[in-house]
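Beneath this line is the structure, given in structure tokens, with notes to follow.
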Amino acid sequence: TMLGANPDYIVAVQSAAMVVSAICIISTIVWNVRVTRRRTTVDMLLAEQTNPILLEYRSKYLHAAKAQKLEELAEMDTYYYSNESFFLVSTLNRCDLVAIGIQEGIIDEKIYKAYWRASFVRDWIRCKGAVMKRRQVRGDPELFIDFEKLALRWYKKEDEVALH
């Protein structure tokens with residue numbers, strides 16, 4: 001009967017039940033964080049593909065890159081923050097924020113990389129001269145460093161070849 005059960009046995013069973021419960025709770029939390037990070041990443045990618053302002057900035061950025069005007073846009077402070085060139089500021093800031101989000105585990109690297117790796121790396125290749133110019137103008141060698149580090153980590157030779 002239970003009344004005659006060994007107290008050590010009861011404590012061991014209760015302890016095991018608590019450990020199993022703790023493992024289940026921790027597993028649920030880890031799983032929820034993972035699902036939330038994935039969902040956030042997909043939502044962000046969908047926004048980049050459907051938000052009219054972001055699409056307009058992307059189009060302006062690609063046109064300026066094709067015309068090789070990015071360095072010129074990055075050169076002067078007053079022009080850099082103008083309506084005509086704000087798309088570049090937006091693009092560089094977004095790339096840097098994505099890199100920071102991935103570094104901090106807020107954005108799921110596997111999903112983002114699967115969808116946007118080539119474009120992200122090519123954006124770095126296109127923007128490198130403009131970023132170097134901004135670093136020089138601002139006297140800030142760390143400006144957009146997270147964007148640079150992630151792009152270089154994901155870099156493949158084909159990314160550069162595809163631009164030419």
Side-chain angles (χ1 to χ4, degrees), residues 20-74 77 79-135 137-138 140-164:
V20 168
S21 294
I23 290 170
C24 289
I25 290 169
I26 291 169
S27 297
T28 300
I29 291 169
V30 168
W31 177 254
N32 285 336
V33 166
R34 189 173 179 194
V35 167
T36 301
R37 181 175 46 242
R38 287 177 171 178
R39 181 65 197 182
T40 300
T41 303
V42 170
D43 288 346
M44 183 190 68
L45 288 167
L46 284 171
E48 286 185 5
Q49 298 303 308
T50 58
N51 181 299
I53 293 170
L54 294 178
L55 289 171
E56 178 186 343
Y57 284 173
R58 183 78 185 160
S59 179
K60 286 181 177 182
Y61 160 76
L62 290 171
H63 280 86
K66 187 174 183 173
Q68 297 183 337
K69 295 202 179 266
L70 296 178
E71 282 188 52
E72 177 185 324
L73 293 171
D77 274 337
Y79 193 61
Y80 184 69
Y81 293 106
S82 70
N83 287 338
E84 293 79 28
S85 63
F86 192 73
F87 67 87
L88 178 58
V89 177
S90 176
T91 299
L92 292 171
N93 284 336
R94 218 169 35 258
C95 289
D96 213 37
L97 283 171
V98 165
I100 292 167
I102 288 171
Q103 179 182 323
E104 295 297 320
I106 298 164
I107 297 172
D108 188 281
E109 182 172 6
K110 185 177 178 183
I111 291 173
Y112 195 91
K113 185 178 180 182
Y115 185 80
W116 205 248
R117 186 207 62 77
S119 293
F120 191 87
V121 172
R122 289 178 193 148
D123 285 348
W124 170 252
I125 294 166
R126 289 179 184 116
C127 288
K128 183 179 178 181
V131 168
M132 297 307 160
K133 183 64 71 179
R134 286 306 300 159
R135 287 176 181 173
V137 168
R138 298 226 3 232
D140 182 359
E142 299 290 307
L143 190 64
F144 304 117
I145 196 75
D146 296 295
F147 174 25
E148 178 181 11
K149 285 179 183 176
L150 183 59
L152 293 176
R153 184 160 55 89
W154 286 355
Y155 175 84
K156 293 180 184 174
K157 189 67 177 167
E158 309 88 82
D159 297 317
E160 231 165 304
V161 173
L163 288 175
H164 302 293

Do [X] and [Y] come within less than 4.5 Å of each other through their side chains, counting heavy atoms only?
| X | Y | value |
| --- | --- | --- |
| Arg94 | Phe147 | no |
| Lys113 | Ile102 | no |
| Lys69 | Glu72 | yes |
| Tyr112 | Phe120 | yes |
| Trp116 | Val98 | no |
| Val131 | Lys128 | no |
| Leu143 | Arg138 | yes |
| Ile111 | Leu45 | yes |

Under 3.5 Å, is there a donor-acceptor pair between the side chain of [X] and the main chain of [Y]?
| X | Y | answer |
| --- | --- | --- |
| Ser90 | Phe86 | no |
| Thr91 | Phe87 | yes |
| Asp159 | Lys156 | yes |

Ignoring hydrogens, what is the shortest heavy-atom contact between [X] and [Y]? Give both atom names and the distance.
| X | Y | answer |
| --- | --- | --- |
| Ala47 | Leu54 | O-CD1, 3.9 Å |
| Pro141 | Ile145 | O-CD1, 4.3 Å |
| Ala64 | Leu70 | CB-CD2, 3.8 Å |
| Thr41 | Arg37 | OG1-O, 2.8 Å |
| Ala130 | Ala74 | O-CB, 3.4 Å |
| Arg38 | Asp108 | CG-OD2, 3.6 Å |

Once you round to the nearest 0.5 Å, how far does [atom1] of [X] lie from [atom2] of [Y]?
| X | Y | atom1 | atom2 | answer |
| --- | --- | --- | --- | --- |
| Tyr115 | Met44 | OH | CE | 10.5 Å |
| Tyr61 | Cys95 | OH | SG | 7.0 Å |
| Thr36 | Asn32 | OG1 | CG | 6.0 Å |
| Tyr57 | Asn51 | OH | CG | 10.0 Å |
| Leu152 | Ile125 | CG | CD1 | 9.0 Å |

Legend entry - Partners meeting side-chain hydrogen bond (donor to acceptor under 3.5 Å, both in side chains) with Glu148 (sequence neighbours left out):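 Glu148: side-chain hydrogen bond (donor to acceptor under 3.5 Å, both in side chains) contacts with Arg135.
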Inset, instruction - Using a cut-off of 6.0 Å, state whether more than 12 heavy atoms not belonging to Ile53 lie near its atom CD1. - result: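 Count not over threshold, so no.
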Legend entry - Arg153 atom CZ, over 12 foreign heavy atoms within 6.0 Å: yes
Legend entry - Candidate pair Arg117 and Glu109, rule salt bridge (Lys or Arg N to Asp or Glu O under 4.0 Å), full reasoning: CA-CA 10 Å; Arg117 186 207 62 77; Glu109 182 172 6; over 6 Å; no
Legend entry - Residues Arg126 and Glu71 bridged, charged N to O under 4.0 Å: no
Inset, instruction - Please determine if Asp123 and Arg58 form a salt bridge, counting it only when a charged side-chain N lies under 4.0 Å from a carboxylate O. - result: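 The answer is yes: the pair qualifies as a salt bridge.
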Legend entry - side chain to side chain contact (heavy atoms under 4.5 Å, CB included) between Leu88 and Leu92, worked out: CA-CA 6 Å; Leu88 178 58; Leu92 292 171; 3.9 Å; yes
Inset, instruction - Would you check, one step at a time, whether the test side chain to side chain contact (heavy atoms under 4.5 Å, CB included) holds for Lys66 with Leu62? - result: CA-CA 6 Å; Lys66 187 174 183 173; Leu62 290 171; over 6 Å; no
